Visitor: 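This is the structure I want to talk about, given as C-alpha cells.
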Amino acid sequence: MTTDNFPVLVQKGHDARESGDLEGAADFFAEALALEPDDLSLRLFLADTLMALRNFPATIALLEKPAENHPMLVPLLAEALEAEGKHAQAASWLEHQLIRRPSGHLHHHLARIHTALGNIGDAREHYAQALFLTPYDAVLLFHAAAFHLTHGWLGPALDLAQRALRCANPPDGIHLLMGDIWTRMAEADKAMRHYQMHRTQCPQDGDIITLRIMALADSPNLSPDFVRGVFDQYADRFDADLVNKLQYHGPLVISQALAPFLVGCAPKSLAILDLGCGTGLSGEPFAPLAARMDGCDLSPKMLEKAEGRHIYTQLSTEDFIPAMRHGTWDLVLAVDAFVYVGALSDIFAVAAETLRPGGFLAATFEAGPDTGFIRKPCKRFGHAETYLRETALASGFDILVLETASSRMEKREPVSGFVMVCQKRL
Ligand SMILES: C[S@@+](CC[C@H](N)C(=O)[O-])C[C@H]1O[C@@H](n2cnc3c(N)ncnc32)[C@H](O)[C@@H]1O
C-alpha cells in the first residue's frame with residue numbers, strides 16, 4: 001500500500017461512518033493512519049469513531065502518547081478516561097491543559113469530573129470559572145444549574161436555569177429542571193407551569209412529569225433546602241427584623257405559658273432541646289434552668305449567631321426528628337419552628353419517645369383551617385386547634401395549655417396562632 005491510497009482510505013472511512021458502519025469506518029481510518037501517523041485530524045476521526053463504538057481502551061491507547069504534544073487531543077482523551085472510570089487521570093490531563101490555555105469548555109469539563117469524584121468545592125470553582133469565560137453557553141448554564149440544585153443551593157440554581165432559558169437554544173430539559181427548582185422552593189404553581197411546558201416539548205417524558213406532579217401535590221412539607229436557603233439569607237437581619245419590625249415575642253409567649261409548670265425548678269437542672277433554635281432568641285429565657293441546652297437548626301448561618309450567645313451545649317444542623325433522638329429531654333421547645341412543618345404526628349411521636357416521663361413539649365403555631373393544616377400563601381403552615389389537640393393526645397401527651405396566642409405581626413396585624421404546652425404522660 002502507498003500514500004496514493006491515503007485519500008481513498010479516508011474517504012471510504014467517512015462513507016462508512018455516514019452509512020452507520022462504525023466498525024468499517026474505524027478499519028479504514030486505522031489503515032489510513034498507519035500511512036500518515038502525524039495526521040491529527042484523522043487521529044481525531046478515528047478516536048471519535050472508537051468512542052462511538054464505546055471502545056474506550058482503544059481510544060485512550062490512540063490518544064495518550066500524542067496528546068502530550070498536541071493539546072487538541074486532550075478533551076477527547078479525557079472523555080475516554082472518564083468513560084473508563086479514570087476520573088482523576090482525566091482531571092489531571094485537563095488541568096495540565098488549562099495551565100496553557102484558559103477555556104470555559106475545559107473548566108466545564110473539569111467541573112463535571114470533580115462532581116463525579118465528589119470534590120464539590122472544586123466542581124463549584126470550575127463552574128464559576130467556566131461561567132466567567134463563557135457566560136452564554138446554554139448547556140453549561142443548564143449543567144451548572146442542575147449541579148447547584150443537587151447541592152441545595154437553590155438561589156444560584158434558579159438564576160442559572162433562568163439564564164439558560166433566555167439563551168437562543170435552551171437545552172431540552174430546561175423546563176423539567178425549572179420545575180424541580182420551583183418544587184424545592186415550594187412554589188407549586190410555578191413548578192406545575194414548567195412541568196406542563198416540558199410535557200408539551202417532550203411528550204415522551206409524560207410518565208416522568210406525571211410522577212413529578214403527583215409528588216408536588218402530595219408533598220406535606222417544605223424542603224429542607226428551601227428552609228435552609230431562606231434562613232441562611234435572613235440570618236444577619238433576623239434578630240433586628242423580627243424583634244423590631246415584626247414585634248416578635250415567641251420566646252416570651254412560650255416562657256409565660258411554661259412558667260406555672262416550672263415553678264420550683266432548680267437552676268441548671270434541665271436537659272433542654274431547642275428545635276429550630278435559629279439565632280438563639282428562643283433559648284435565652286431558658287438558659288438559667290439548663291444543665292445542658294442543645295439546639296438544632298437547618299440553617300448553618302442561623303446557628304453561627306446562636307453559637308455567639310454561648311448558651312447552648314451543642315448545636316447541630318439536623319432536622320427536628322434526628323436531633324431529638326440524640327438525648328433524653330426534660331423540655332423540648334419549638335418556638336415559631338413547627339410553622340415550617342405540615343404533618344406533625346411523627347414529630348410529636350418522637351418527642352414523646354425522647355422526653356422523660358413528665359417532660360414537656362412546648363411550641364407555638366400559626367392558626368390554620370378548622371381541621372388538619374394548610375400551607376399558607378406565605379409558605380408557613382397553619383394548624384387547626386383540633387389537629388394539634390388530637391395529634392398530641394394520640395402521641396401520649398396530656399395537654400396542659402392550648403390557647404390562642406400571637407407571636408408576631410404581619411402587615412401590621414397580629415398573626416393569629418396558638419401556644420401549646422404538653423406533658424408526657426407519667
Ligand atoms: C422563625 S425561626 C425561629 C427561630 C427561633 N426558634 C426563635 O424563636 O427565634 C425558625 C427556624 O426554624 C428552623 N427550621 C425550620 N424547619 C426546620 C427543621 N425541619 N429542622 C430544623 N430547623 C428547622 C429554620 O431554619 C429557622 O431558623
Side-chain angles (χ1 to χ4, degrees), residues 152 154 184-186 219-258 272-287 293-309 311-312 314-326 331-348 350-351 354 361-366 373 375-376 378-383 405-410 415 417-420:
L154 301 183
R184 294 269 287 277
M185 295 180 105
S219 157
N221 286 327
L222 295 170
S223 84
D225 293 333
F226 172 74
V227 174
R228 186 179 302 112
V230 167
F231 284 98
D232 269 356
Q233 280 187 18
Y234 200 25
D236 284 336
R237 292 179 288 126
F238 183 83
D239 286 10
D241 267 19
L242 242 77
V243 176
N244 301 336
K245 291 197 197 146
L246 303 178
Q247 296 171 30
Y248 176 62
H249 55 282
L252 181 68
V253 167
I254 282 277
S255 49
Q256 283 179 345
L258 267 167
I272 301 176
L273 175 62
D274 187 2
L275 296 176
C277 63
T279 61
L281 286 174
S282 43
E284 236 166 17
F286 300 95
M293 180 160 64
D294 289 1
C296 77
D297 200 291
L298 292 172
S299 157
K301 293 266 182 329
M302 295 288 272
L303 287 181
E304 275 171 25
K305 307 280 172 191
E307 182 89 60
R309 286 185 205 270
I311 54 173
Y312 292 99
Q314 204 166 317
L315 291 166
S316 87
T317 52
E318 283 175 312
D319 213 311
F320 302 140
I321 289 184
M324 284 190 278
R325 291 203 192 278
H326 285 311
L331 170 60
V332 172
L333 297 166
V335 189
D336 210 24
F338 287 164
V339 295
Y340 297 96
V341 179
L344 288 164
S345 50
D346 289 350
I347 292 178
F348 278 26
V350 176
T354 58
L361 169 66
T364 59
F365 300 91
E366 291 189 11
F373 54 85
R375 186 149 69 198
K376 306 199 288 186
C378 63
K379 305 235 170 53
R380 291 191 301 272
F381 285 87
H383 294 90
S406 173
S407 297
R408 60 163 148 163
M409 309 289 282
E410 195 162 75
V415 176
F418 304 103
V419 60
M420 183 181 204

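Ligands are counted one by one from 1 in listed order, and the atoms in each one are counted from 1 as well. Note that the coordinates shown come from a computational prediction; the quantities given were computed from them, not determined experimentally.
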Visitor: Describe, in one word, how the ring planes of Phe338 and Phe348 are oriented to each other, choosing from parallel (under 30°), tilted (30 to 60°) and perpendicular (over 60°).
Guide: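 The arrangement is tilted - the two ring planes meet at 30° to 60°.
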Visitor: Can you list the residues that meet the side-chain hydrogen bond (donor to acceptor under 3.5 Å, both in side chains) rule with Thr279, with sequence neighbours excluded?
Guide: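 For Thr279 the side-chain hydrogen bond (donor to acceptor under 3.5 Å, both in side chains) partners, ignoring immediate neighbours, are Asp239, Arg309.
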Visitor: Under 3.5 Å, N/O to N/O: give me all the pairs between ligand 1 and the protein, one per line with atom names and distance.
Guide:
{"from": "ligand 1", "atom 1": "6 (N)", "to": "Gly276", "atom 2": "O", "distance (Å)": "2.7"}
{"from": "ligand 1", "atom 1": "6 (N)", "to": "Ser282", "atom 2": "OG", "distance (Å)": "3.0"}
{"from": "ligand 1", "atom 1": "6 (N)", "to": "Val335", "atom 2": "O", "distance (Å)": "2.9"}
{"from": "ligand 1", "atom 1": "8 (O)", "to": "Tyr248", "atom 2": "OH", "distance (Å)": "2.4"}
{"from": "ligand 1", "atom 1": "8 (O)", "to": "Val335", "atom 2": "O", "distance (Å)": "3.4"}
{"from": "ligand 1", "atom 1": "19 (N)", "to": "Asp319", "atom 2": "OD1", "distance (Å)": "2.7"}
{"from": "ligand 1", "atom 1": "20 (N)", "to": "Asp319", "atom 2": "OD1", "distance (Å)": "3.3"}
{"from": "ligand 1", "atom 1": "22 (N)", "to": "Leu298", "atom 2": "N", "distance (Å)": "3.3"}
{"from": "ligand 1", "atom 1": "25 (O)", "to": "Asp297", "atom 2": "OD1", "distance (Å)": "2.5"}
{"from": "ligand 1", "atom 1": "27 (O)", "to": "Asp297", "atom 2": "OD1", "distance (Å)": "3.1"}
{"from": "ligand 1", "atom 1": "27 (O)", "to": "Asp297", "atom 2": "OD2", "distance (Å)": "2.6"}

Visitor: Just to verify, which of Lys379, Arg375, Arg380 counts as forming a salt bridge (charged side-chain N to carboxylate O under 4.0 Å, His left out) with Glu366?
Guide: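 It is Arg380, the one option of Lys379, Arg375, Arg380 that forms the salt bridge (charged side-chain N to carboxylate O under 4.0 Å, His left out) with Glu366.
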Visitor: Is the backbone of Gly417 close enough, under 3.5 Å, to the side chain of His383 for a donor and an acceptor to pair up by distance?
Guide: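 Such a contact is absent between His383 side chain and Gly417 backbone.
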Visitor: Quick check for you: to the nearest 0.5 Å, what is the distance between Leu275 atom CG and Leu361 atom CG?
Guide: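 It is 8.0 Å, given to the nearest 0.5 Å.
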Visitor: Measure from the ring center of Tyr340 to the ring center of Phe231 and say whether it is less than 6.0 Å.
Guide: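 Centroid separation for Tyr340 and Phe231: below 6.0 Å.
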